[in-house]
Participant: 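This structure is in structure tokens; I'll ask about it shortly.
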Amino acid sequence: MLLDKIKKTIEALLFMKGEEGLSVEFFSTFMEVEYHEAENMLNIFLEEYNLRDNPLIIKKFGMTYKMLLNEEMSEMIKKAIVSKNLIKLSKASLETLAIIAYNQPITKVQIDKIRGVSSDSILHSLISKELIVSTKTLDTIGKPKLYETTEMFLDVFGIESLDELPKSDDISESEISKFLEK
């Protein structure tokens, strides 16, 4: 059992570190304890915290711990977001999003070439819905923007990483429908 002060410190650090997460190395340095001791404290905290009836849980990703919504709360919020039309996508938007997801990072010219039409308004819409970002540029003449999916994209589609996307070789219409219903 961890001391209350240590529990409060871990919880505060997890909150402060946000999406980056709390690494064992950082926690070890912060607490001025050995690495294995820091990892042990974090593991005990994770087990104890996740036994509570909280809307939040602690998950371990490699040597990094993150505070996330529990599955029930996550589903409820995702459904609310979708039902309130905060994430409403047309077929053209879904097509563009799929092109970006499977080919990222990708330029607008490449997207337009694959689609056969201009994607200006769709790209703006996807950016405003926080499903894609354009924070990088290609190191060529004109420095075209590169588009990539975001954490929100993963959340909306209920996946933890792009590796969970269906393989492009074996996607059927029914699989696409099932995937979009998540």
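We use all heavy atoms of the structure for the numbers below, so side chains are in, but hydrogens, waters and symmetry mates are not. Owing to the predicted nature of the structure, the values given are computational and were not obtained by experimental measurement.
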Participant: Would you mind reporting whether Leu131 and Leu89 have side-chain heavy atoms less than 4.5 Å apart?
Facilitator: yes

Participant: Minimum heavy-atom separation for Pro144 and Thr140, please, with both atom names.
Facilitator: CD-OG1, 3.5 Å

Participant: In the structure I gave you, are the side-chain heavy atoms of Met63 and Phe27 within less than 4.5 Å of one another anywhere?
Facilitator: no

Participant: Does the side chain of Ile100 come within less than 4.5 Å of Ile111's, by heavy atoms?
Facilitator: yes

Participant: Ring of Tyr49, cation from Lys7 - is the NZ or CZ under 6.0 Å from the centre and inside 45° of the axis?
Facilitator: no

Participant: May I ask you to list the residues sharing a hydrophobic cluster with Val109, side-chain cutoff 4.5 Å, ordered by chain and number?
Facilitator: none

Participant: Considering residues at least two apart in sequence or located in another chain, which fulfil the side chain to side chain donor-acceptor pair (under 3.5 Å) criterion with Glu34?
Facilitator: none

Participant: What's the verdict on salt bridge (Lys or Arg N to Asp or Glu O under 4.0 Å) for Glu11 and Lys8, showing C-alpha distance, side-chain angles and the deciding distance?
Facilitator: CA-CA 5 Å; Glu11 191 169 14; Lys8 288 177 182 178; over 6 Å; no

Participant: Quick one: do Phe61 and Ile10 end up in the same hydrophobic cluster if we chain Ile, Leu, Val, Met, Phe, Trp and Tyr together by side-chain heavy atoms under 4.5 Å apart?
Facilitator: no

Participant: Is any side-chain heavy atom of Leu126 closer than 4.5 Å to one of Thr96?
Facilitator: yes

Participant: Would you say Met76 and Met67 are hydrophobically clustered, going by side-chain heavy atoms of ILVMFWY under 4.5 Å?
Facilitator: yes

Participant: Has the side chain of Asn103 got a donor or acceptor atom that lies under 3.5 Å from a matching backbone atom of Ile99?
Facilitator: yes

Participant: With the 4.5 Å side-chain cut-off for hydrophobic clustering, are Leu68 and Leu42 part of the same group?
Facilitator: no

Participant: Check whether any side-chain N or O of Ser28 sits under 3.5 Å from a backbone N or O of Val24 as a donor-acceptor pair, and report yes or no.
Facilitator: no

Participant: With the side chain counted from C-beta on, respond yes when Phe26 and Met31 share a heavy-atom pair under 4.5 Å apart, and no when they do not.
Facilitator: no

Participant: With the 4.5 Å side-chain cut-off for hydrophobic clustering, are Ile127 and Leu94 part of the same group?
Facilitator: yes

Participant: Using only atom types and a distance under 3.5 Å, with no angle test, would you say the side chain of Gln110 pairs donor to acceptor with the backbone of Thr107?
Facilitator: yes

Participant: Using a 4.5 Å cut-off on heavy atoms from C-beta on, say whether the side chain of Leu154 contacts that of Thr149.
Facilitator: no

Participant: Are the side chain of Asn50 and the backbone N or O of Ile57 linked by a donor-acceptor pair below 3.5 Å?
Facilitator: no

Participant: Quick check: are there more than 12 heavy atoms from other residues, nucleotides or ligands sitting under 6.0 Å from CG of Asp139?
Facilitator: no

Participant: Is it true that Leu3 and Ile58 fall in one hydrophobic cluster, defined by side-chain heavy atoms closer than 4.5 Å?
Facilitator: yes

Participant: Does Lys108 count as lying over the ring of Tyr147, i.e. NZ or CZ under 6.0 Å from the six-ring centre, within 45 degrees of the axis?
Facilitator: no

Participant: Asn54 and Asn70: side chain to side chain contact (heavy atoms under 4.5 Å, CB included), yes or no, with the steps?
Facilitator: CA-CA 8 Å; Asn54 273 328; Asn70 69 27; 5.6 Å; no

Participant: Say whether, by atom type as modelled, one donor and one acceptor occur between the side chain of Thr150 and the main chain of Phe153 under 3.5 angstrom.
Facilitator: yes

Participant: So, do Ile106 and Leu146 sit near enough that their side-chain heavy atoms are less than 4.5 Å apart?
Facilitator: no

Participant: Please determine, by modelled atom types, if Ser161 and Glu164 share a side-chain donor-acceptor pair under 3.5 angstrom.
Facilitator: no

Participant: Can you measure from CG (Leu13) to OH (Tyr65) and round to the nearest 0.5 angstrom?
Facilitator: 13.5 Å

Participant: Which heavy atom of Lys66 sits nearest to which heavy atom of Gly21, and what is that distance?
Facilitator: CG-CA, 3.8 Å

Participant: Of all the heavy-atom pairs spanning Asp120 and His124, show the shortest one and how long it is.
Facilitator: O-CD2, 2.9 Å

Participant: Compare every heavy atom of Met152 with every heavy atom of Lys129, then report the nearest pair and how far apart it is.
Facilitator: O-CG, 3.9 Å

Participant: What's the shortest heavy-atom distance between Met41 and Ile6, and which atoms?
Facilitator: SD-CG2, 3.8 Å

Participant: If the threshold is 4.0 Å, N to carboxylate O, is there a salt bridge linking Glu95 and Arg115?
Facilitator: yes

Participant: Side-chain contact test, heavy atoms from C-beta onward, threshold under 4.5 Å: evaluate it for Phe30 versus Leu22 and give yes or no.
Facilitator: no

Participant: Test Glu25 against Tyr35 for side chain to side chain contact (heavy atoms under 4.5 Å, CB included), laying out the working first.
Facilitator: CA-CA 6 Å; Glu25 186 176 338; Tyr35 186 91; 4.3 Å; yes

Participant: Start with the C-alpha distance between Thr64 and Lys60, add both sets of side-chain angles, then the distance that settles side chain to side chain donor-acceptor pair (under 3.5 Å), and finish with yes or no.
Facilitator: CA-CA 6 Å; Thr64 301; Lys60 184 177 181 182; over 6 Å; no

Participant: Could you report the tightest heavy-atom contact between Ala101 and Leu162, atom names first, then the distance?
Facilitator: O-CD1, 4.4 Å

